[in-house]
Amino acid sequence: MIVAITVQAELTLYQFNILGMFLCALIDSEIYLKLPQGYKPPLGKTTKLLRSLYGLKQAPTVFHSLFESWLLRYGFTAIVGDQVTFLLRCGTSVVLLSIYVDNGIAATNDEKLYRQFLADLSKDFELSDQGK
């Protein structure tokens, strides 16, 4: 959808990655780990997971919730019927953003607005800007 809109509205398309995204989110349930063979915890102690990990079945959902909350606080609105696409409007400027796992693509008619968004996003998430 975002590529079709980009072409039709003559927007510029950018791509970025969120590095270590599964480690960004705190988990909201109690999960205890079975330790690797050979490791013995102190007697009477268990290992409780505090942050999401790659491979954990809850990881994508937990991260998406965290990322969506960040976008909504920033001023984006969710696109009805598409859980991974968001729109930011500032006057006549727009940033249309779609996120899939740890890959983001953004279409905009205002590179300065997009760069400011990316700078603000990088304060809370480690990013790799893939450019146009």
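Excluded from the calculations below are hydrogen atoms, water molecules and symmetry mates; all remaining heavy atoms, backbone and side chain alike, are included.
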Let me check something: any side-chain donor-acceptor pairs from residues 8-19 under 3.5 Å, sequence neighbours excluded? List them with distances.
none

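- Between D110 and S93, the shortest heavy-atom distance links the atoms OD2-OG, 2.7 Å.
- Taking hydrophobic clusters as Ile, Leu, Val, Met, Phe, Trp and Tyr residues chained together by side-chain heavy-atom distances below 4.5 Å, L72 does not share a cluster with V94.
- Note that CG of L97 is 8.5 Å distant from CD1 of I105, once rounded to the nearest 0.5 Å.
- Remark: S122 pairs with no residue by the side chain to side chain donor-acceptor pair (under 3.5 Å) rule, at least two apart or across chains.
- Under the 4.5 Å side-chain contact rule for hydrophobic residues, V3 and I5 share a cluster.
- The CZ atom of R89 lies 7.0 Å from the OG1 atom of T77; values are rounded to the nearest 0.5 Å.
- Note that CG of L121 is 7.0 Å distant from CG of L71, once rounded to the nearest 0.5 Å.
- Note that CZ of F76 and CG of L96 are 8.5 Å apart. Values are rounded to the nearest 0.5 Å.
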Would you list the atom pairs, donor with acceptor, under 3.5 Å between side chains in residues 111-119 and any protein atom, with sequence neighbours excluded?
{"from": "R115", "atom 1": "NH1", "to": "D129", "atom 2": "OD2", "distance (Å)": "2.5"}
{"from": "Q116", "atom 1": "NE2", "to": "D120", "atom 2": "OD1", "distance (Å)": "2.9"}
{"from": "Q116", "atom 1": "NE2", "to": "D120", "atom 2": "OD2", "distance (Å)": "3.3"}

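- The OG atom of S98 sits 6.0 Å away from the CG atom of D82 when rounded to the nearest 0.5 Å.
- The shortest side-chain heavy-atom distance between F86 and E68 falls under the 4.5 Å cut-off.
- Between A106 and V95, the shortest heavy-atom contact is CB-CG1, 4.3 Å.
- Hydrophobic clustering (side-chain heavy atoms under 4.5 Å, transitive across Ile, Leu, Val, Met, Phe, Trp, Tyr) groups F67 together with Y74.
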